[in-house]
Amino acid sequence: MRLNSQIIFHIMGLLMLCNGCFMLIAAFVSGLYADGATLSISLAAIVTMFVGISAMFFTRGHKKEVKRKEGYIIVTFGWLALTFSGMLPYVFSGAVPDITNAFFETMSGYTTTGASIMDDIEVMPEGILFWRSLTHWIGGMGIIVLAIAILPLLGIGGMQLFAAESPGPSGDKLHPRITDTAKRLWLIYLGYTIAETILLKLAGMNFFDAINHSMATLSTGGFSTKNLSVAYWNDQPLIQYIIILFMFLAGSNFVLSYFALKGRVQRIIMDEEFKVYTLFVVFFSVIAALVIYFKANVPVTEYHPQVFGAAESAFRHSLFQVTSVITTTGFVSADYTSWTPFLTIFFFGLMFLGGSAGSTAGGIKVMRHIMIIKNGLLEFRRTIHPNAMLPVRYNGKSVKENIVYNIIGFFVLYMLLFIIGALVLGAMGIDFVTAIGGSASSLGNVGPAFGNLYPLSNFNGLPDAGKWWLGFLMLAGRLELFTVLILLTPYFWKRT
């Protein structure tokens with residue numbers, strides 16, 4: 001089968017054109033604040049749009065059919081096209097002149113990882129900070145479309161289950177409603193972003209900080225405009241509670257938000273993944289709160305001390321950090337690695353949970369954990385009753401065996417890549433804690449890690465090779481592993 005290279009370049013050209021348009025928005029913000037980066041960002045936008053338009057022009061006679069192989073290539077190389085063009089505002093403005101660092105920051109943005117190499121975020125031009133947050137927001141939108149339209153068709157990581165639950169594609173062909181579905185979910189995504197911006201502004205943030213943190217929250221990215229991240233507002237609990245709410249929403253299936261707006265609340269209540277996701281957040285927050293209250297040294301809030309004391313502070317910090325890590329947002333209200341050894345290991349374990357399928361969160365995803373646990377428990381019954389037909393059931397329906405095998409395969413591959421990721425970092429001379437933390441954080445698109453990459457630090461101290469390697473892990477984790485790794489196999493490129 002010959003690859004339809006024209007459709008590949010045409011779609012990547014379209015992506016770069018859209019990317020350039022977003023850069024113009026950042027240039028406009030830069031002009032408003034007169035931060036000196038307007039010309040540089042505008043030039044980056046022009047270059048990006050020119051390349052995109054040229055690619056579309058020379059491939060305008062393409063066949064419109066996209067087959068499975070083209071799908072894999074478009075998803076992976078499309079993300080790389082966004083990343084390499086997205087580096088230009090950093091490089092042209094001199095905000096991040098080093099190519100390696102610019103690549104790392106941009107890949108971290110588009111994959112909504114939130115790991116940064118910036119030593120002093122607050123001295124950066126406003127236009128650059130806005131572009132940095134926009135890369136999150138663009139990546140978050142892209143993930144919604146991937147989850148709804150692309151991954152189920154490619155058979156990626158059990159996403160067929162999500163497709164069956166969503167008002168989108170079925171079988172091997174794009175459903176006619178998929179365009180409408182994507183538009184509706186984008187509107188919900190935009191609506192949540194606007195709503196959070198307004199609430200954060202009313203709670204005391206200035207407008208610039210509010211819109212940047214809203215984009216980072218809804219994309220579960222975690223880039224902040226402050227060196228201390230959300231810990232900067234530790235004396236304003238309302239701001240942190242607002243961010244917690246929207247982190248939770250961003251980590252849930254966006255299709256459920258669609259159902260809520262349609263008045264189909266029963267669908268949300270009966271959704272198995274949503275119930276387990278909520279239980280995880282509540283249960284783990286209670287455990288962390290108890291440990292923080294009785295063992296850890298967490299500053300008591302100064303906001304209405306007669307009402308909010310140590311108990312509220314412990315509850316808020318635990319809820320914030322648990323939600324942030326499970327949803328892979330990566331915002332921090334404190335350095336949770338300094339609380340207790342138990343909580344350090346506890347939060348490391350949470351990095352492997354992930355949010356819901358159909359959310360902007362990274363990680364393994366709650367749905368896969370449910371399926372793996374259910375299948376594991378059924379193995380006991382299958383051992384006793386080897387001839388019995390005992391299918392795994394999800395949301396009251398039997399799940400096909402190939403989907404269960406796909407999910408188990410994804411989990412095994414995820415853990416192998418995590419181990420290999422840590423080994424590669426260790427081979428570069430990076431210490432054990434930093435290596436396993438950096439690998440788990442990058443693969444799960446979490447952001448903050450452990451060791452030298454602790455929450456209030458950054459990734460700038462890593463060797464250049466380490467930054468490129470973590471960039472690869474970010475991309476693989478964000479695109480559900482198979483999409484990227486299959487391109488590295490020789491049989492993918494063989495004509496069939």
Side-chain angles (χ1 to χ4, degrees), residues 16 19-20 22-31 33-49 51 79-139 208-209 212-213 215-216 219 221-229 330 438 441-442 445 447-449 452-453 455-475 478:
M16 293 189 71
N19 211 28
F22 279 111
M23 288 181 197
L24 289 179
I25 299 174
F28 175 74
V29 171
S30 177
Y33 286 90
D35 60 11
T38 309
L39 186 61
S40 301
I41 301 174
S42 299
L43 179 60
I46 292 168
V47 171
T48 302
M49 292 171 71
V51 173
W79 229 269
L80 288 172
L82 288 175
T83 299
F84 285 110
S85 60
M87 292 166 51
L88 298 181
Y90 296 121
V91 177
F92 287 0
S93 67
V96 187
D98 181 78
I99 297 297
T100 296
N101 284 343
F103 164 80
F104 184 91
E105 195 78 10
T106 312
M107 180 63 80
S108 179
Y110 283 113
T111 58
T112 71
T113 302
S116 180
I117 50 80
M118 292 185 178
D119 291 319
D120 191 351
I121 297 166
E122 295 172 31
V123 301
M124 291 291 168
E126 284 82 357
I128 291 297
L129 291 180
F130 189 81
W131 172 243
R132 188 167 170 260
S133 300
L134 261 181
T135 59
H136 268 349
W137 204 71
I138 296 166
F208 182 78
D209 289 339
N212 277 275
H213 283 83
M215 288 192 288
S219 63
F223 277 155
S224 176
T225 55
K226 303 297 182 184
N227 293 327
L228 293 176
S229 187
S441 173
S442 298
N445 307 124
N452 295 329
L453 308 176
L456 296 179
S457 181
N458 59 52
F459 286 62
N460 196 29
L462 291 176
D464 285 356
K467 293 171 185 174
W468 286 95
W469 174 242
L470 291 186
F472 167 75
L473 293 181
M474 291 177 200
L475 182 66
R478 179 79 284 182

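On a predicted model such as this, the values are computed, not experimentally measured, just so you know. Below, all heavy atoms of this structure are taken into account, side chains as well, without hydrogens, waters or symmetry copies.
Residue Asn458 comes nearest to Ser116 through the heavy atom pair CB-O, 3.1 Å, listed as atom of the first residue, atom of the second, then distance. Between Ala449 and Pro455, the shortest heavy-atom contact is O-CD, 3.7 Å. Here the closest heavy-atom approach between residue Gly438 and residue Leu470 is recorded as O-CD2, 3.7 Å. The two residues Ile128 and Pro89 make their nearest non-hydrogen contact at CD1-O, 3.5 Å. Residues Ser224 and Arg132 share a closest heavy-atom pair of O-NH1, 3.0 Å. Shortest non-hydrogen contact noted between Ala115 and Glu105 is O-OE1, 4.3 Å.
Between Leu453 and Leu462 the shortest side-chain heavy-atom distance falls below 4.5 Å. Here the side chains of Leu80 and Leu475 are in contact, with some heavy-atom distance below 4.5 Å. Between Asn212 and Phe130 the shortest side-chain heavy-atom distance falls below 4.5 Å. Considering only heavy atoms from C-beta on, Thr83 stays 4.5 Å or farther from Thr135 through its side chain. For the pair Asn460 and Met118, the minimum side-chain heavy-atom distance is 4.5 Å or more.
Of the possible donor and acceptor atoms, one in the side chain of Ser457 sits under 3.5 Å from a partner among the backbone N and O of Asn452. No side-chain donor-acceptor contact under 3.5 Å links Arg478 to the backbone of Ser108. Without hydrogens or angle criteria, Ser441 side chain to Gly447 main chain gives a donor-acceptor distance under 3.5 Å.
For an aromatic pair to be called close, the ring centres must be under 6.0 Å apart, and Tyr33 with Phe208 satisfies this. In this structure, Tyr110 has its ring center at least 6.0 angstrom away from the ring center of Trp79.
Looking at Ser30 and Asp35, their side chains do bring a donor and an acceptor atom within 3.5 Å of each other. With hydrogens and angles left out, the side-chain atoms of Ser85 and Asn19 include a donor and acceptor closer than 3.5 Å.
Atoms OG1 and CE, on Thr112 and Met215 in that order, are 14.0 Å from each other to the nearest 0.5 Å. Here NZ of Lys226 is found 9.5 Å from CG of Leu129. Values are rounded to the nearest 0.5 Å. Rounding to the nearest 0.5 Å gives a distance of 9.0 Å between CD1 of Ile117 and OG1 of Thr106. In this structure, CD1 in Ile121 is found 8.0 Å from CZ in Phe223, a value given to the nearest 0.5 Å. With rounding to the nearest 0.5 angstrom, the CG atom of Asp98 is 12.5 Å from the CZ atom of Phe104. Atom-to-atom distance recorded for His136:NE2 and Thr113:OG1 is 8.0 Å, nearest 0.5 angstrom.
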